[in-house]
Amino acid sequence: MKTKLEVMMKAAGEIPTHRTHHSGISPYIKATKHHGLSSRHGLNRGSKAFTARLAGDAIMELLPLLLACSLLFTVAAPARDITSVCASQIRDFPHRNSSGLHLTLHHPQSPCSPAPLPSDLPFSTVLSHDDARAAHLASRLATNNDAPPRRPTSLRKKAAGGRFDDSLATVPLSPGMSIGVGNYVTQLGLGTPATSYAMVVDTGSSLTWLQCSPCVVSCHRQAGPLYDPRASSTYATVPCSASQCDELQAATLNPSACSVSNVCVYQASYGDSSFSVGYLSRDTVSFGSSSFPGFYYGCGQDNEGLFGRSAGLIGLSRNKLSLLSQLAPSLGNSFSYCLPTSGSTGYLTIGSYNPGQYSYTPMASSSLDASLYFVTLSGMSVGGSPLAVSPSEYSSLPTIIDSGTVITRLPTSVYSALSKAVAAAMGGAARAPAFSILDTCFEGQASRLGVLAVGMAFAGGVTLKLPTRNVLIDVDDSTTCLAFAPTDSTAIIGNTQQQTFSVVCDVARSRIGFAAGGCS
């Protein structure tokens with residue numbers, strides 16, 4: 001028996017049309033003809049696929065049915081109340097100036113977050129997603145972007161009798177990075193009149209997207225209502241002929257698709273099998289009293305994965321479709337942030353910052369991925385004593401700084417030397433078994449054990465002096481571990497080491513700045 005959704009999709013049926021696509025990696029997406037949105041791309045999830053049509057007279061006639069069916073798939077929760085205790089944490093930050101666009105940042109597991117992760121989420125789950133994210137970042141840098149485009153393995157499936165069945169189209173889809181479990185949360189306003197949504201912030205992603213009504217296929221549970229494009233007087237879909245549609249390949253690492261109603265379709269996929277697929281759209285974005293018309297973003301109709309209760313994602317990488325690049329003409333091409341601990345709040349500022357309060361390292365250039373933020377690690381120390389490793393080992397791998405990776409990855413030889421030095425500095429602390437990807441663990445809590453300060457030096461003479469909270473991480477009530485892991489591919493400066501530091505990414509001047517004591 002057909003479900004109500006299948007009946008609705010058959011009524012809104014739209015046969016896919018195709019845009020030229022470039023390289024991609026399995027898994028494959030399937031799109032069925034009786035699913036309404038034209039898409040060649042999706043995840044191989046049985047009969048579930050992204051398909052819907054938002055424009056055209058035919059779909060307007062189906063709106064009542066779409067709304068009814070969307071209730072089958074959308075579980076919206078009331079927006080989380082921010083208590084007076086949480087509100088009292090929002091204060092003036094020492095490195096934030098009076099200009100620029102200021103947003104409040106929340107730790108992903110903060111009780112004050114408007115879209116927190118489950119409080120009982122096992123830390124092993126956080127680490128497994130973190131490992132998927134790190135693996136994807138490494139694969140992005142290892143991919144040869146000059147490779148010839150891959151063709152779809154099948155655009156039509158031959159049915160019984162030798163006829164072609166247009167109900168199935170399969171094309172390569174690149175897996176992206178794990179998202180949500182390590183990403184900090186802020187608020188974004190969208191539409192006219194504006195409605196506020198809780199969004200995860202990611203310096204490793206480009207395209208901003210959020211869940212949209214009627215959410216034809218699936219939406220994850222989010223805090224507050226879904227964005228309704230019909231309620232905004234400034235909403236518009238983006239045609240397939242627009243240059244922004246062509247830019248989706250670089251922004252999402254997946255090719256765009258085109259509906260027969262000429263609406264551009266995006267696909268953002270993540271290494272942990274989370275994904276968002278929907279329409280590339282344009283509307284007014286707002287933050288407090290500041291609004292910016294003509295903002296390009298994804299209006300998601302099929303959104304699945306571990307995103308907490310956020311409505312979507314804000315992309316801050318160096319790409320034309322990122323929030324940073326789109327706001328740069330108005331605010332300047334830089335942003336600064338302070339990632340708080342779970343018991344406090346931090347900030348994200350787009351635009352102006354106080355340059356004299358930071359120490360800078362050059363933003364390293366790399367042909368591997370022009371959208372990420374590269375730095376050059378030049379040395380490490382424990383208690384002021386340099387690690388017993390050759391200086392050349394620090395720069396043996398490309399190194400990025402990333403807001404969504406929890407655990408810092410170091411070249412294997414550097415990590416081994418750090419592990420030995422920290423263990424020696426811990427004195428008589430009892431060792432504990434390895435925990436997931438963390439193999440240097442101790443019995444007890446970080447706050448009670450303590451460790452000598454770890455120094456991380458970068459090109460240009462900048463050194464971060466990491467206290468215990470940025471070196472050790474509690475994995476359960478009786479165990480703490482060194483918050484670093486080895487890698488033989490891509491080194492990553494993760495958010496555990498960045499916590500409470502003010503960090504500025506000044507793209508215009510090609511530099512990254514650090515200042516201690518930015519938040520708590």
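Sequence neighbours left out, not one pair with a member in residues 323-345 passes salt bridge (charged side-chain N to carboxylate O under 4.0 Å, His left out). Within the structure, salt bridge (charged side-chain N to carboxylate O under 4.0 Å, His left out) pairs that include any residue of residues 495-520 comprise D506-R509, D506-R511 (at least two apart or interchain). Note on residues 308-331: no pairs pass ring-ring contact (aromatic ring centres under 6.0 Å, His included), not counting sequence neighbours. Applying the ring-ring contact (aromatic ring centres under 6.0 Å, His included) test to pairs two or more places apart or on separate chains, none has a residue in residues 468-487.
A salt bridge is absent between D474 and R448; no separation between the charged side-chain nitrogens and carboxylate oxygens falls under 4.0 Å.
Distance OG/S403 to CG/L316: 7.0 Å, rounded to 0.5 Å.
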Report, one line per pair, each donor and acceptor closer than 3.5 Å where one atom sits in a side chain of residues 455-470; sequence neighbours left out.
unit_1 : atom_1 : unit_2 : atom_2 : d
T468   : OG1    : V451   : N      : 3.1
R469   : NH2    : T500   : OG1    : 3.2
N470   : ND2    : T496   : O      : 2.9
N470   : ND2    : Q499   : O      : 3.0

Hey, can you pull the donor-acceptor pairs under 3.5 Å for the side chains in residues 433-441, sequence neighbours left out?
unit_1 : atom_1 : unit_2 : atom_2 : d
D439   : OD1    : Y415   : OH     : 2.2
T440   : OG1    : Y415   : OH     : 3.0
T440   : OG1    : S419   : OG     : 2.7

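Listed by chain and residue number, nothing satisfies the side chain to side chain donor-acceptor pair (under 3.5 Å) test with T361 (two or more places apart in sequence, or in another chain). Every residue was checked against the side chain to side chain contact (heavy atoms under 4.5 Å, CB included) condition with A388, not counting sequence neighbours, and none meets it. Listed by chain and residue number, Q497 satisfy the side chain to side chain donor-acceptor pair (under 3.5 Å) test with T408 (two or more places apart in sequence, or in another chain). Partners of N495 according to the side chain to side chain contact (heavy atoms under 4.5 Å, CB included) rule, which considers only residues two or more places apart in sequence or in another chain, are Y184, L339, V406. Residues forming a side chain to side chain contact (heavy atoms under 4.5 Å, CB included) with L452 (at least two apart in sequence, or on another chain): V382, A425. Under the rule for a ring pair (Phe, Tyr, Trp, His ring centres under 6.0 Å), Y394 has no partner lying at least two apart in sequence or in another chain.
For the 3.5 Å distance criterion, the side chains of Y197 and Q222 fail to qualify, holding no donor opposite an acceptor. For the 3.5 Å distance criterion, the side chains of D283 and S232 qualify, holding a donor opposite an acceptor.
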